[in-house]
Each structure stands twice: as structure tokens, then as C-alpha cells.
Chemist: 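Would you mind keeping the following structure in view while I ask a few things?
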Amino acid sequence: MSTPLATGNRALNHVVTQFFGNVARAYDTAALQQVVYRPPQNQVVAELRSAGSRRIADIGCGTGILTSRIERELHPEIVYGIDASPGMLAQAKARSATVQWRHAAAEHLPLADGELDAVVSTSAFHFFDHPAALREFQRVLVPGGITAIATMHPSAPTARPIQRLTRSPLFPAHAPSPRETRKLLQDAGFEVLDQRKIDRPLPSWLIPDVITIGRRT
Ligand SMILES: C[S@@+](CC[C@H](N)C(=O)[O-])C[C@H]1O[C@@H](n2cnc3c(N)ncnc32)[C@H](O)[C@@H]1O
């Protein structure tokens, strides 16, 4: 199923999705996954397990590594993998025939109100229109449902190269600080339950990401 991909005021969104379409094949390289993408996914899986979530969506699912892992390890009733890049989704679809893959933007989720227990997102939130996406996360969750968002926060003084990249006009992303992220969640109607650095085998200045957990009030 496909929905319109208009994403509010993120005019450069198509650049992001085209970029990921082009790199989709290289994206699954084992070393890249192990060092960069797997650590936040491990934490999201642990959060979902402890919350006992049964109906889950992974937003900005990319090639579907986390989504299919959720299916395999947690056996939910239903899991959606949603991404705006057809190239990334094509790789994802090859991973599982039972995950519900959807080509859609985080800001316009093709899901019903209160349909889910959990909405998660790893390494993608910095590309979203944050208030619009969080409004959607809130809408599709049941009261008490959780969101777990792991994203880059290049605010440490040592993270200069990453700051330069993410502040360049050529980089169509804005990575909010941890504090801004808490405020964004609260403004969207979430109670922030926890926020912590992602544990990984690299110094945190190199990949300065944080996971924030919110509960829909
Ligand atoms: C770095 S990848 C992360 C993929 C995956 N979550 C992971 O942990 O490996 C970022 C993904 O976000 C997707 N994306 C970017 N902006 C989006 C938006 N507004 N709505 C949905 N997906 C988006 C891109 O197409 C890309 O697949």
C-alpha cells in the first residue's frame, strides 16, 4: 500500500529518499551494520520486549533489518515497516513476507488511530519533520503506548565533523539535541520515560546517538 509522500515543510525530503535508494545495496554491509546501526536496534528490541508490545511499527525502517528482527525475536501480532525510499523498501521486502511493508512518510502514516502499542525508529528521526512525525506517532498509538526513538545528537563539542556535516545546507536533516527531543516529545503529548546514550563499541563522540523513550498520555 502506498500513500502520498508529501512531508510538510521538508522540501528536501526527496533528496534523502533518493540518496537512500542509491545506497540501499551497500547499506547492509556487515561491518557498517555491526558498528553503526545494530547498537540502537539492540536497545529498541530490549525496550519492546520489556514493554510487551504486540502491535508495532518501525518508521524509517530502511532495509528492514530491525523490523524483521522484531518479527523473528518478539513474535508480535503485527509489525509494520514503513519507509519513504522505494529502494530501501525493495531490500526490506526480500527479508520477510509477513512484515507489513508500507511505502509512506513518517509524517503521513497509513495507519488507523490507536492501532499500535509501540512506534520505534532508529537512525532516521533526524530526517523527519519532527513535530509532524510525532503527531502521527501519537495518533496511531493507544493511550499508554510507547515510542522509542534512537537518533544522532551531534551536540558534543568533540563531534565537530558530524556537526559540520549535519549543519551543511547540503544535508537535508536536522538532528535535535537530547533536550530538544524531550521537549518535542512532551509537546506532542508524550511523557518522557527515559533518555540515555546508545551503548556501542566506539567512543560516543564518533557516533553521538541517544535513545529517548516516551509514553503516550
Ligand atoms: C539511515 S537509514 C536507517 C534505516 C533503519 N532504521 C536502520 O536502523 O538501519 C534512514 C532511513 O530513513 C528513511 N527516511 C528518511 N526520511 C523519511 C521520512 N520522512 N519518512 C519515512 N522514512 C524516511 C530513509 O529512506 C532511510 O531508509
Side-chain angles (χ1 to χ4, degrees), residues 1-45 47-48 56-71 79-96 99-111 118-137 140 147-154 162 165-166 171-176 184 198 200 207-211:
M1 184 169 107
S2 208
T3 54
L5 287 172
T7 56
N9 54 14
R10 290 261 160 200
L12 287 175
N13 194 262
H14 70 282
V15 177
V16 177
T17 52
Q18 248 171 15
F19 168 79
F20 281 109
N22 293 334
V23 301
R25 282 176 194 282
Y27 192 86
D28 289 355
T29 312
L32 180 68
Q33 285 300 321
Q34 198 59 34
V35 173
V36 179
Y37 295 110
R38 193 165 169 97
Q41 295 171 359
N42 289 344
Q43 307 217 359
V44 163
V45 169
E47 288 297 330
L48 291 172
I56 302 164
D58 176 18
I59 315 296
C61 67
T63 58
I65 292 177
L66 171 63
T67 333
S68 51
R69 190 174 158 198
I70 290 171
E71 183 194 35
V79 57
Y80 294 95
I82 298 180
D83 200 281
S85 164
M88 294 294 262
L89 264 188
Q91 303 269 116
K93 283 178 182 164
R95 269 180 214 287
S96 163
V99 168
Q100 301 294 305
W101 304 110
R102 299 284 186 271
H103 177 219
E107 299 82 356
H108 298 275
L109 296 177
L111 302 170
V119 175
V120 302
S121 184
T122 55
S123 314
F125 187 68
H126 44 278
F127 295 116
F128 302 166
D129 174 331
H130 311 122
L134 287 170
R135 264 197 307 278
E136 282 294 84
F137 291 12
V140 301
T147 188
I149 299 170
T151 192
M152 272 208 298
H153 297 286
I162 293 165
L165 173 70
T166 58
F171 191 73
H174 166 64
L184 282 162
I198 304 292
R200 61 168 75 244
I207 306 181
D209 53 359
V210 163
I211 186 166

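Start at 1 and go down the list; that is how both ligands and their atoms are numbered. All values derive from a computational prediction rather than experimental measurement.
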Chemist: Tell me whether Tyr37 has any N or O atom under 3.5 angstrom from an N or O of ligand 1.
Modeler: no
Chemist: Out of Ile59, Val120, Asp83, Ile82, whose heavy atom is nearest to atom 11 (C) of ligand 1?
Modeler: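 Result: the heavy atom closest to atom 11 (C) of ligand 1 is in Asp83.
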Chemist: So which of Val99, Leu48, Thr67 actually passes side chain to side chain contact (heavy atoms under 4.5 Å, CB included) with Asp58?
Modeler: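 The residue from Val99, Leu48, Thr67 that satisfies side chain to side chain contact (heavy atoms under 4.5 Å, CB included) with Asp58 turns out to be Thr67.
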Chemist: Going by the order shown, which atoms of ligand 1 are within less than 4.0 Å of some heavy atom of Gly62?
Modeler: 4 (C), 27 (O)
Chemist: For the CE atom of Met88 and the OG1 atom of Thr63, what is their distance to the nearest 0.5 Å?
Modeler: 5.0 Å
Chemist: I'd like to check the side-chain contact (heavy atoms from CB on, under 4.5 Å) partners of Ala148; sequence neighbours left out, ordered by chain and number.
Modeler: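 Only Val44, Val120, Ile211, Ile213 meet the side-chain contact (heavy atoms from CB on, under 4.5 Å) criterion with Ala148.
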Chemist: Could you say whether the N/O atoms of Glu107 and ligand 1 ever approach to under 3.5 Å?
Modeler: yes
Chemist: Taking 4.0 Å as the limit for heavy-atom contacts, which would you say applies to Cys61 with ligand 1: side chain only, backbone only, both, or neither?
Modeler: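 Near ligand 1, Cys61 shows its backbone, while the atoms from C-beta on stay back.
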Chemist: Run the numbers for me: atoms of ligand 1, each under 4.0 Å from some heavy atom of Ser85, listed by number.
Modeler: 25 (O)
Chemist: In sequence, state the C-alpha distance, the side-chain angles, and the governing distance for Asn42 and Arg69, and then conclude on side-chain contact (heavy atoms from CB on, under 4.5 Å).
Modeler: CA-CA 10 Å; Asn42 289 344; Arg69 190 174 158 198; 2.8 Å; yes
Chemist: Give the atom numbers and elements of ligand 1 that come within less than 4.0 Å of a heavy atom of Ser123.
Modeler: 1 (C), 2 (S), 3 (C), 10 (C)
Chemist: Consider ligand 1: state whether an atom of it lies below 4.0 angstrom from any non-hydrogen atom of Leu66.
Modeler: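 No, that is not the case, since the closest heavy atom of the residue is not under 4.0 Å from the ligand.
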Chemist: Arg135: what forms a side-chain contact (heavy atoms from CB on, under 4.5 Å) with it, not counting sequence neighbours?
Modeler: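 By the side-chain contact (heavy atoms from CB on, under 4.5 Å) rule, Arg135 matches Pro131, Ala132.
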Chemist: Check ligand 1 against Gln41 and write out every atom of the ligand that is under 4.0 Å from a heavy-atom position of the residue.
Modeler: 7 (C), 8 (O), 9 (O)
Chemist: Any sub-3.5 Å donor-acceptor pair from Thr151's side-chain atoms to Ser123's backbone N or O?
Modeler: no
Chemist: Can you name the nearest heavy-atom pair linking Ser85 to His103, along with the distance?
Modeler: N-CD2, 4.4 Å
Chemist: Can you label the angle between the Phe128 ring and the Phe137 ring as parallel, tilted or perpendicular, going by 30° and 60°?
Modeler: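 Taking Phe137 first and then Phe128, their aromatic rings stand perpendicular (interplane angle over 60°).
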Chemist: When you measure from the heavy atoms of Ala104 to every atom of ligand 1, does any distance fall below 4.0 Å?
Modeler: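 So Ala104 counts as touching ligand 1.
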Chemist: Number the atoms of ligand 1 from 1 as they appear, then name those within less than 4.0 Å of a heavy atom of Met88, with their elements.
Modeler: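 Close to Met88: 27 (O).
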Chemist: Between Ala133, Ala106, Gly81, Ala150, which one has a non-hydrogen atom sitting closest to atom 20 (N) of ligand 1?
Modeler: Ala106
Chemist: Find all atoms of ligand 1 within a distance of less than 4.0 Å from any non-hydrogen atom belonging to Ala124, and give their numbers and elements.
Modeler: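 Near Ala124, the atoms of ligand 1 are 10 (C), 12 (O).
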Chemist: Please check this pair: side chain of Trp101 against backbone of Ser96, looking for a donor-acceptor N/O pair closer than 3.5 Å.
Modeler: yes
Chemist: When only distance counts, is Gly60 in polar contact with ligand 1, meaning an N/O pair under 3.5 Å?
Modeler: yes
